[in-house]
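Chain naming here is simple, since letters A, B, ... match the order of the sequence lines and numbering starts at 1 in each. No experiment lies behind these values; they were computed from the predicted model shown.
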Amino acid sequence: MKSKRMIVALVFVLIIVASAVAGGFALRHFVLPDAAPEEPASEQPGVPTEKVDRLDDAAAYFEQNSQVLETIYAPDSPSTMTEESASSELRSRGFGDCVATTEYSMDGEYYEADEISSSSSSKHPTYECTYITPDGDAWTIMLYNGMIMANPIAYNLGQNSGGVMVIVSESESVMSYDSASNCFFRTIPNPDALKVLKVDRIDAATLDSLTPDRIGGQL
Amino acid sequence: MIAKALSRASRLVAAALAASLLALLMLLAVDPSAYAYDKDGNPVVVSLGDSYSSGEGIEEFYDQGMDKKDKAKSQDWAAHRSTESWSGQLKIKSQDGGGFLTMRDNKGENWFFAASSGAEVHNLWDKQGKRITYKAGLPVMFPTVETDIDAQLGIFDDIEYGTVDYVTLTFGGNDVGFVPVITEAATTGEYLKPNSLVDKLDNIWVEFHKSGGVRENLKKGYRAIAEKAGPQAKIIVAGYPKLLYPEGVDLVFSVKEANLINESVTEFNYEIRTAVEECRAEGIDIYFVSVEDAFDGHGAYASDSYINGIETVHEQDLDCLNPISAYSIHPNKKGAEAYASCVQKMIDDIDAKVRAGEDPGTLMIPSQGAKDDPSSRDIVVALDISGSMEGEPLQETKTAAREFFDAVFDVDASVSLVSYSSSAFMVLPSSTDSIALKSAIRRMNAGGNTNIEDALRTSYEQIKASGSDKRIIVLMSDGEANAGLTGDDLIEYANTIKADGVTIYTLGFFDKVSSRAESQRVMEGIASTGCHYEVSDASDLRFFFGDIASSISGTQYMFVRIACPVDIRVEAGGEALDSSELGLSTRTSFGSLTFEDSQDPNDPYGVKVLRLKQGPAYSIEINGVDSGSMTCSVGLSDENGDYTDMRTFNDVPVADTMSAEMIADDSSATTLRVDEDGDGLYEATYTAKANSTAELADSTRLTGAVFAVAIALSALLGALYVWRTIRRWRRAGA
């Protein structure tokens with residue numbers, strides 16, 4: 001009877017210890033979305049050894065200028081788009097008439113900007129096109145790792161007196177691409193590095209209404 | 001007898017033939033320094049090139065006032081040829097030297113303007129297609145007109161062959177695509193693509209140097225112009241200005257981006273200049289004019305800018321749908337004036353030489369050429385990229401390093417590149433690929449401490465086992481070592497490397513250190529004898545890197561190091577190095593003058609170091625400015641560039657009235673003659689033989705003393721003789 005109680009107590013203790021270990025493990029590896037990365041950039045899985053030094057440089061830059069939400073090695077990203085999907089995405093947002101280009105291969109090699117094909121299954125880390133509103137205001141539309149952003153050129157070059165470039169995004173974060181490490185950095189920029197103007201949706205209608213004056217008024 | 005006569009006759013015939021041939025050749029040859037002028041004795045100038053020559057961005061353009069549809073057909077307007085272009089502002093003397101002709105006042109008569117915005121070198125012989133899109137109608141329409149600008153060399157068909165005096169041009173900027181690269185950088189931003197600009201610039205240089213690339217095309221263009229213009233024409237190629245003012249670009253570019261762009265322009269100018277020099281060596285009468293100094297501090301976004309920033313579309317832009325105006329990053333009116341002033345100076349200098357009957361070709365001082373030295377060299381360049389190098393020092397270091405690579409690749413060399421701050425990093429091992437080295441340089445950023453030990457260790461590891469004839473480390477630092485070994489321990493470590501036969505050059509730029517004298521002592525201790533160079537200004541870095549490259553490539557130097565309260569001056573070929581405050585001059589084509597702090601904190605006069613190209617005899621004037629004593633050493637290098645002959649002068653008395661002359665050459669002894677009291681007579685002469693300390697070889701004062709004693713003795717003897725004679729007379733009388 002006594003030994004039976006002892007066995008039960010032992011099993012109970014074992015269960016508590018196992019639960020504690022499992023709980024600790026889970027807590028250690030569970031990261032809330034948009035939280036800071038849990039490991040230094042240079043230990044990023046997937047990044048080849050020869051690019052690690054470059055990754056450190058880029059990581060240092062973004063740590064100094066932003067809150068880094070994610071660092072993603074481009075070839076491992078599920079969000080990079082094919083030329084076909086990028087064309088389709090731009091078309092669906094009203095930028096179908098713009099000439100979209102890309103200038104990097106998936107291994108981070110640069111080549112002179114090349115017009116993309118709406119039927120090509122080639123993947124690239126970044127796509128860009130220039131959109132001109134009916135009022136004649138120019139925008140650069142960027143699709144980096146599947147994330148769309150827009151640069152109000154007319155505002156930034158003409159009316160921006162804040163000393164920091166403004167980018168329009170659909171969230172508070174932006175996506176940067178560092179070709180040296182071939183990594184994407186999803187970040188929330190420091191206000192003195194880049195200002196993000198959040199809109200519900202980046203499409204032609206939204207940009208047509210975002211005149212330089214309105215952008216200035218919303219910041 | 002007959003044979004002899006025949007032989008003499010044949011010699012006479014041969015001599016006559018040779019004389020006739022010579023006369024014929026003289027008739028055919030054209031004196032390249034002569035001017036042509038037109039039939040009225042007025043000069044003829046042709047202006048070719050790209051948007052920097054056409055005056056893009058400076059209204060008013062020729063035919064600007066025409067109706068949109070009509071002006072689209074105008075070659076002048078479609079090429080955006082400005083009435084304010086720099087080439088139109090040039091003033092050329094007439095044949096009699098009595099009057100000037102301003103080019104823009106004589107368009108189509110004496111000035112032929114074919115430069116065109118957007119032109120590339122091939123547009124010298126190919127038409128340039130232009131697409132003009134303008135806004136019209138209601139609802140708004142954007143009609144497009146296509147037109148062709150004639151091939152630029154076609155303008156010579158309108159000019160009588162042999163009458164062109166000058167051809168001016170800027171070319172190559174569109175071929176490498178600088179402006180699109182810059183505008184793209186401005187519309188993307190560093191934050192979203194941190195390496196985009198470096199990638200684009202790297203790509204430019206690959207395209208530039210490849211077979212059939214821009215560099216080859218530039219030379220092909222210069223040759224084609226020379227052929228069309230004739231041998232009497234002087235071709236003046238202007239370079240490009242540094243485009244951006246880094247301190248003013250905060251919104252559109254980062255400072256890093258602005259520096260990268262400016263460095264690339266400097267690199268581009270260097271390539272244009274060397275291409276010009278190569279064509280000159282082929283016999284083309286061609287000159288390069290740099291405009292970098294004239295635009296210094298006046299880049300785009302400076303308060304007094306000579307260059308437009310990135311601008312949105314203007315009414316006169318050819319493509320109203322392009323969000324960025326073609327006016328962007330082009331000289332404004334002040335910029336055109338600066339350009340005109342630089343080119344005008346070259347024209348005036350050429351004119352003065354020609355009228356004086358001198359060779360204007362001497363205005364082009366060629367870069368260091370290849371040396372006749374078959375030795376192989378394994379060189380490691382270790383560059384300090386610590387945080388204190390941020391800004392101009394790093395920018396100048398990068399420029400200097402790029403030119404260094406070009407210079408040392410003239411001889412058999414391979415170069416490794418090490419960067420160091422808190423630790424050292426082998427950026428590129430043992431390369432003979434200057435493009436790869438330059439690309440690696442472009443990607444260097446500043447940050448961290450200064451670990452010279454690790455830099456030396458990493459460099460030494462690279463060349464320790466090299467089989468090259470010469471193993472060389474070039475170590476550049478802007479401060480005292482504050483990580484790894486420091487002070488005497490660091491010197492001791494460097495000594496072990498030197499003991500293994502490695503030559504170490506050090507280049508110190510101690511602008512920001514607290515203890516300059518100590519930093520100098522350590523860097524001098526690290527360097528092989530005579531191989532420490534001191535830079536007082538970041539802008540001088542490239543010149544001293546050039547001197548090191550020149551020394552490594554086989555040019556022999558002597559150095560003269562003088563520590564005492566004196567000023568020094570040395571002249572050669574009309575140039576002078578002068579340490580006096582009024583005549584301060586520290587760089588010439590024959591050598592340099594640098595200043596180091598004295599190890600004695602109470603010595604305000606410091607050390608003067610002359611580094612002179614070995615060969616000629618230099619007369620060095622030394623003038624005292626205070627009382628004290630002079631210590632001077634002279635080092636002569638052998639054919640390997642090692643300073644194996646050291647001559648020393650110790651404790652030479654100095655007063656503020658003292659003046660002295662040292663004859664420095666590579667003879668068996670060096671002499672120093674000293675006029676101690678400024679009376680114009682040398683009272684002392686010191687002579688130092690090879691590897692010895694000077695001795696007082698001759699002293700006028702000693703000679704004088706001996707002479708005085710001799711006179712006194714003679715007088716005494718004379719007096720004795722007179723006294724004895726008188727006594728003899730008296731005795732005889734008695």
Side-chain angles (χ1 to χ4, degrees), chain A residues 53-54 57-58 60-62 64-66 101 103-104 108-113 125-126 128 130-140 142 144 149 151-167 174-182 185 187 189-190 192-194 212, chain B residues 133 135 139-140 142 177 180-181 183-204 206-207 248-254 256 301 308-313 317 319-325 328 385 419 423 425-427 439 442-448:
Chain A
D53 281 322
R54 301 297 182 195
D57 285 349
Y61 172 80
F62 284 111
Q64 195 183 338
N65 291 294
S66 70
T101 59
E103 53 188 12
Y104 287 102
E109 284 297 308
Y110 172 86
Y111 48 86
E112 274 184 60
T126 63
E128 272 135 22
T130 302
Y131 172 69
I132 313 278
T133 68
D135 289 342
D137 296 330
W139 290 78
T140 303
M142 294 163 278
Y144 293 2
M149 298 165 290
N151 177 356
I153 298 172
Y155 173 76
N156 277 325
L157 296 180
Q159 287 173 245
N160 188 341
S161 56
V164 181
M165 186 181 265
V166 172
I167 289 291
V174 293
M175 186 72 70
S176 298
Y177 174 64
D178 173 57
S179 62
S181 59
N182 200 17
F185 289 81
T187 62
N190 294 345
D192 59 353
L194 190 76
Chain B
T133 308
K135 206 171 178 179
V140 176
F142 297 100
V181 161
T183 49
E184 271 180 63
T187 53
T188 309
E190 185 188 16
Y191 191 94
L192 295 175
K193 270 189 179 174
N195 274 293
S196 173
L197 182 62
V198 181
D199 288 334
K200 287 178 165 72
L201 292 173
D202 277 354
N203 188 59
I204 278 179
V206 169
E207 293 294 313
V249 297
D250 55 342
L251 174 65
V252 185
F253 303 98
S254 68
K256 183 183 144 196
Y301 303 103
N308 297 327
I310 302 282
E311 297 185 6
T312 47
V313 71
D317 266 308
D319 183 1
C320 76
L321 288 178
N322 189 335
I324 306 294
S325 168
S328 304
I385 55 164
S419 66
S423 60
F425 175 62
M426 174 55 71
V427 180
S439 165
R442 211 169 286 127
R443 290 169 188 273
M444 283 181 172
N445 296 314

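When the candidates A:Asn160, A:Asn65, A:Asp137 are compared by the number of heavy-atom contacts under 4.5 Å with chain B, A:Asn160 comes out ahead.
For a residue to count as touching a neighbouring chain, one of its non-hydrogen atoms must lie under 4.5 Å from one of that chain's; by this rule A:Met142 touches chain B with the side chain only. With a 4.5 Å cut-off on non-hydrogen atoms, A:Pro134 does not touch chain B at all.
Within the structure, salt bridge (charged side-chain N to carboxylate O under 4.0 Å, His left out) contacts touching residues 186-197 of chain B (residues at least two apart or in different chains) are A:Glu103-B:Lys193, A:Glu128-B:Lys193, B:Glu190-B:Lys256.
Under the rule for a side chain to side chain donor-acceptor pair (under 3.5 Å), the partners of A:Tyr111 that lie at least two apart in sequence or sit in another chain are A:His124.
In summary, the side chains of B:Asn195 and A:Tyr110 do not present any donor paired with an acceptor at a separation below 3.5 Å, with no hydrogens or angles considered.
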- Task: Test B:Ile324 against A:Leu157 for side chain to side chain contact (heavy atoms under 4.5 Å, CB included), laying out the working first.
- Result: CA-CA 9 Å; B:Ile324 306 294; A:Leu157 296 180; 3.4 Å; yes
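For the atom pair OG1 (A:Thr126) and CG (B:Leu192), the distance works out to 11.0 Å, reported to the nearest 0.5 Å.
Relative orientation of the B:Tyr191 and A:Tyr61 rings is tilted, given thresholds of 30° and 60° on the angle between their planes.
Contact check for A:Tyr177 versus B:Ser196: no side-chain heavy atoms found under the 4.5 Å cut-off.
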